[in-house]
Amino acid sequence: MQREKILVTSALPYANGPIHLGHLSGAYLPADIFVRYHRSKGSDILYVCGSDEHGVPITISADKEGVSPKEIIDRYHEANKKAFEKFDMSFDVYSRTSRPIHHETAQTFFKSYLEQKLLIEKKSFQFYDDKAQMFLPDRYVEGTCPKCGFEEARSDECENCGSLYDPSELIKPRSKISGEEPLLKETSHWYFPLGKFQDRLEKYVNESNEKYKWKDNVIQYCRGWFRDGLKDRAVTRDLDWGVKVPINGADGKVLYVWFEAVLGYISATKEFFKAKGNEDGWKDFWQDTSTRYIAFIGKDNTVFHTIIFPAMLMAWNDGNKEKYLLPENVPANEFLNFEGKKFSKSRGWGIDVSDFLELFPADSLRYTLASNLPENKDTDFHWKEFQAKNNSELADILGNFVNRTFVFARKHFGNKVPALGELQKIDSEMIDMIKEYPVKIGSLIENYKIKDAVLEMMNLARAANKYFNDTEPWVTIKSNKDKCGTTINVCVQIISTLAEVFGPVIPDASGKMFRMLNTNSAGWVNCGTIRLFEGHELGTPEILFSKVDDEIISEQINKLGVVEQVSYNEPMISYEEFSKIDLRTAVVLEAEKIKKSKKLLKLKVKTAGGERQIIAGIAEHYSPDELLNKSIVIVANLKPAKLMGLESQGMILAVENKDGELKILQTDDKIVPGAKVR
RNA sequence: GGCGAGGUAGCUCAGUCGGUUAGAGCAGUGGAAUCAUAAUCCACGUGUCGGGGGUUCGAAUCCCUCCCUCGCUACCA
């Protein structure tokens, strides 16, 4: 039989923060299990990943910390790479998009599109901040709306009245970065005509679905995009952090990160083969029609992998002799939440991968996550459940079965495999099971039903315990040693099968099991056979999984929601600057909900200078009645703004707690309204 | 408000292109066993399948409507 050739990618994690458990559940662990299974099966499989290191958020983080973007990406690339290693991810290559080979690859694609005259160049005027020497993204420009007079309108769109206009019409524009008035400067960008590919993309998605049964959530998502109609997308930006646009005179322009990041898979593959001295080896995976390409991602990445990336590859294939493969399947997972809520670093909700693995072995985490993957819908990670899975499944069912078998073999059979004697019905049924389970589990993995596969793995261990119980070797050792030997022989074969089928999920424990058996993996297809014969010397038994105590779990639960101490590095202001802010007490006279608004309340307050109206975004935290007669603190000299067409003359002060709940600042009610806060 | 996803056993989740008494794991209760990490095995589920209405011989599954949760997004924390 010919070896299947498979290319697997996992979404490139963004090098702007540490990865957390949710990422692992979405795009990495399922892929790793799939890949390890195929390696065991003997497929010719290549697993590619790396850091995505360009884009605006990274430059913002860098500015905030006062360091270079390179420092940010180096930090998180290394951190995430190490975290993946600790988690026992088996990437063949973990590259990064800042490498020259990636820049070349991305530029080559761009140039090919240019040569094909596919890209559309559109000129437009955009605001340029002379002081900061940069083009300003829309949200960094404010001005007065030419239609309604709203003073905080964006450069080309007013949020207040909803009108769209040309940036040149904006009155009194100012840069949010330097505060200066930006100039309008002409710039041009290239657009990728996604719409031109819509028919072919729909065909591709539908046919792939028919042939390979795409997941329902992925299909629904694609249909949504098709229904709305695909539009041109800008592929370049005015920024200096990223892959330079490879054209003369395009200084200060880079490829938009959505355009180049997906190409990182190709660059990483090139890098892998180059390092092996096989310069063209990557083509064997990307451009050979016998290869299957599977792209594992989280649901947030769906459009990029089912629509944009395929369109880009189609576009390349239209103009070049060497043609790329499109993904055969894009098994996108939903999200993993943490104790019922979304992961949030800033709110101290969740745990980093590397912190977790300081406390517990990778296998325990891998098993727990794998048995509750968000394959159909968002799922939850609970510390209690982690403990239960580790203790009552890994340790008690699997670990204990292995242990009781080895201890028995050592005590009664000189640590050697006893002879397989005459088989009773119960023995042959068990032997049948170790043949059938790997087939069943393998087929589930191949259909991306990893969660079910993991359940079946543990079911084999359950069946093994039952077999041990029912054959009662502790009785037969006294009454019929041959029969007892048969039981232990079968149990040894079971352990060898367990080691193989559990290998993709808990590779470390699987390795230990093989060592204890004093043998190696025989490959998935052979793992259900009797392969350790009478007299085979066994290794030293050891405990596979230790239990997790209640204390350490409660400790972790108690830590939740406590925000880590971060270094305080907000910019300093002078006393003069502070004294410009006029904080005053105020009493709430009236409060009402604003129709059609979820967050806003309309307040009438009494403060210095009389009564005024304030629109406050606290409707989700306070009912109007609760606020009446409260003595609060407001910024009294804030420039008035219009929200939902209502004027807000000031802003109330509130603090946000770790759950994102708002608590307004209140004073003693004996304070007269209008008192100055200092 | 808009868009999307979801509401199934105490908990975490399967099942949903309509079809016999709605499932698994965990937890719980009772029992068996004592080789083993006090680990195993067996038995035990009266769940309004979020509420209501409709289509149908038949609905957890299809349609309508309402309620609730979550995510993204929009509007001053």
Side-chain angles (χ1 to χ4, degrees), chain A residues 150 152 159-160 162 216-217 220-221 224 228 299-300 334-335 337 340-342 368 371-382 384-389 391-412 449 451-452 454-456 458-459 461-478 484 487-488 491 541-547 594-601 614-621 634-635 638-646 648-657 660-665:
Chain A
F150 178 62
E152 287 176 34
E159 291 164 355
N160 188 43
D216 208 47
N217 51 352
Q220 293 308 331
Y221 195 86
D228 292 346
K299 65 176 167 187
D300 53 329
E334 307 283 311
F335 289 150
N337 291 319
K341 283 192 260 180
K342 223 186 124 154
T368 307
S371 60
N372 195 20
L373 289 174
E375 285 173 343
N376 302 308
K377 62 177 178 190
D378 291 1
T379 61
D380 262 295
F381 177 93
H382 291 274
K384 279 282 173 203
E385 202 183 344
F386 166 74
Q387 182 191 22
K389 291 260 177 204
N391 293 0
S392 57
E393 295 183 25
L394 286 177
D396 293 350
I397 297 174
L398 176 62
N400 185 49
F401 171 71
V402 171
N403 188 246
R404 69 202 292 209
T405 300
F406 275 102
V407 169
F408 212 95
R410 186 131 103 154
K411 224 193 249 176
H412 301 288
K449 293 186 174 173
K451 189 156 53 166
D452 287 345
V454 172
L455 176 70
E456 292 301 341
M458 197 50 82
N459 280 346
R462 285 181 229 277
N465 274 311
K466 180 171 168 53
Y467 171 74
F468 199 107
N469 269 35
D470 292 352
T471 51
E472 299 184 309
W474 60 91
V475 173
T476 56
I477 187 65
K478 290 173 194 146
C484 178
T487 297
I488 298 306
C491 285
E542 57 178 312
I543 295 295
L544 277 184
F545 295 97
S546 44
K547 304 229 183 163
I594 294 175
K595 263 185 224 158
K596 295 199 171 189
S597 169
K598 201 158 99 186
K599 289 187 183 171
L600 298 182
L601 287 183
I614 292 181
I615 309 301
I618 55 172
E620 289 176 299
H621 308 276
I634 64 166
V635 182
L638 192 70
K639 228 182 258 178
K642 266 196 182 169
L643 294 159
M644 304 274 304
L646 299 164
S648 181
Q649 302 155 325
M651 184 165 116
I652 74 169
L653 297 187
V655 291
E656 181 180 14
N657 74 8
E661 243 176 281
L662 289 181
K663 298 282 173 199
I664 54 172
L665 282 188

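The structure presented is a predicted model; accordingly, all values stated were derived computationally and were not measured. Residue numbers begin at 1 in each chain, while the letters A, B, ... track the order of the sequences.
- Each of C35(B), A5(B), C41(B) was ranked by its minimum atom distance to the side chain of N465(A); first place goes to C41(B).
- Closest to the side chain of K389(A), out of A36(B), A14(B), G25(B), is G25(B).
- If you check U20(B) for Watson-Crick or wobble pairing at under 3.5 angstrom, you find it has no partner at all.
- Rounded to an integer number of Å, the gap from CG of D378(A) to C1' of A5(B) is 7 Å.
- Stacking here means ring centres nearer than 5.5 Å and ring planes tilted less than 30 degrees, and by that measure W474(A) stacks onto C35(B).
- Distance from the side chain of M651(A) is smallest to C76(B) among U37(B), C76(B), A5(B).
- Phosphate contact (OP1/OP2 of A39(B), side-chain N/O of K547(A), threshold under 4.0 Å): present.
- G10(B) sits 16 Å from U46(B) when the C1' atoms are compared, rounded to a whole Å.
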Q. Does the side chain to side chain donor-acceptor pair (under 3.5 Å) test come out yes or no for N459(A) and R462(A), once each step is laid out?
A. CA-CA 5 Å; N459(A) 280 346; R462(A) 285 181 229 277; 3.0 Å; yes

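- Nucleic acid contact class of I614(A) (heavy atoms, under 4.0 Å, all strands): none.
- Residue R462(A) has a polar side-chain atom (N or O) positioned under 4.0 Å from OP1 or OP2 of C26(B).
- Taking the charged nitrogens against the carboxylate oxygens, D380(A) and K341(A) have no contact shorter than 4.0 Å, which rules out a salt bridge.
- E334(A) has its CD atom 12 Å from the P atom of G7(B), to the nearest Å.
- G1(B) and U73(B) make up a base pair, with Watson-Crick or G-U wobble contacts both under 3.5 Å.
- With a 6.0 Å cutoff to the six-membered ring centre and a 45° limit on the axis angle, K299(A) counts as a cation-pi contact of F335(A).
- Judged by Watson-Crick or G-U wobble contacts below 3.5 Å, the nucleotide U48(B) has no partner.
- Using a 4.5 Å heavy-atom threshold, the side chains of Y467(A) and T487(A) count as touching.
- Nearer the 5' end of RNA chain B, as judged by each residue's closest nucleotide, is the contact made by F545(A), out of F545(A) and A463(A).
- One can place OH of Y221(A) at 15 Å from P of C3(B), the figure rounded to the nearest angstrom.
- A straight line from OH of Y467(A) to C1' of A36(B) spans 17 Å, rounded to a whole angstrom.
- Across G71(B), U34(B), U37(B), the shortest atom-to-atom separation from the side chain of I543(A) is found for U37(B).
- Shown here, U37(B) forms no base pair; nothing in the strands shown gives a Watson-Crick or G-U wobble contact with both key distances under 3.5 Å.
- Comparing the same atom, C1', in G18(B) and in C3(B) gives a spacing of 30 Å after rounding to whole Å.
- Taking atom CD of residue E393(A) and atom P of nucleotide A24(B), one finds them 15 Å apart after rounding to whole Å.
- If you measure from atom CG of N391(A) to atom P of U40(B), you get 11 Å, rounded to the nearest angstrom.
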**Q.** H382(A)/F386(A) under ring-ring contact (aromatic ring centres under 6.0 Å, His included): CA gap, chis, key distance, verdict
**A.** CA-CA 6 Å; H382(A) 291 274; F386(A) 166 74; over 10 Å; no

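- Nucleic acid contact class of N217(A) (heavy atoms, under 4.0 Å, all strands): none.
- Side-chain atoms of E334(A) and N217(A) form a donor-acceptor pair, as typed in the model, at a separation below 3.5 Å.
- Comparing the C1' positions of A27(B) and C44(B) gives an interatomic distance of 14 Å, to the nearest angstrom.
- Applying the Watson-Crick and G-U wobble criteria (two distances, each under 3.5 Å), C26(B) pairs with G10(B).
- Going from the P atom of G15(B) to that of C75(B) covers 38 Å, rounded to whole Å.
- Contact check, K377(A) against A14(B): a side-chain N or O comes under 4.0 Å of OP1 or OP2.
- If you measure from atom CG of L455(A) to atom C1' of G23(B), you get 11 Å, rounded to the nearest angstrom.
- The residue H382(A) sits close only to the backbone: its heavy atoms come under 4.0 Å of sugar-phosphate atoms, none of a base.
- Listed nucleotides C42(B), A5(B), A36(B) differ in distance to K466(A); the shortest reach to its side chain belongs to C42(B).
- With P as the reference atom, U40(B) and C49(B) are 34 Å apart, rounded to whole Å.
- Nucleic acid contact for F406(A): none, since no nucleic acid atom lies under 4.0 Å from a heavy atom of the residue.
- Between U56(B) and C41(B), the two C1' atoms lie 46 Å apart (nearest whole Å).
- Residue whose closest nucleotide on RNA chain B sits further toward the 5' end, between L373(A) and V475(A): L373(A).
- In this structure, A616(A) reaches the sugar-phosphate backbone alone: every heavy-atom distance under 4.0 Å involves primed, P, OP1 or OP2 atoms, never a base.
- Picking from U12(B), C35(B), U37(B) the nucleotide with the shortest atom distance to the side chain of K411(A) gives C35(B).
- Atom CG of N469(A) and atom P of C41(B) are 6 Å apart (whole Å).
- The shortest side-chain heavy-atom distance between T368(A) and E385(A) does not fall under the 4.5 Å cut-off.
- Within the shown strands, nothing qualifies as a pairing partner of U55(B) under the Watson-Crick or G-U definition with both distances less than 3.5 Å.
- Ring geometry for F468(A) versus W474(A): interplanar angle under 30°, hence parallel rather than tilted (30 to 60°).
- Here A36(B) is the nucleotide among A14(B), A36(B), C26(B) with the atom lying nearest to any side-chain atom of N400(A).
- Side-chain N or O atoms of N465(A) include one that pairs as donor or acceptor with a backbone N or O of I397(A) at under 3.5 Å.
- Note on K299(A): nothing from the nucleic acid sits closer than 4.0 angstrom, heavy atoms only.
- For the C1' atoms, the distance linking A9(B) with A24(B) amounts to 11 Å, nearest Å.
- Spacing of C1' atoms, C11(B) relative to G54(B), comes out at 35 Å, to the nearest Å.
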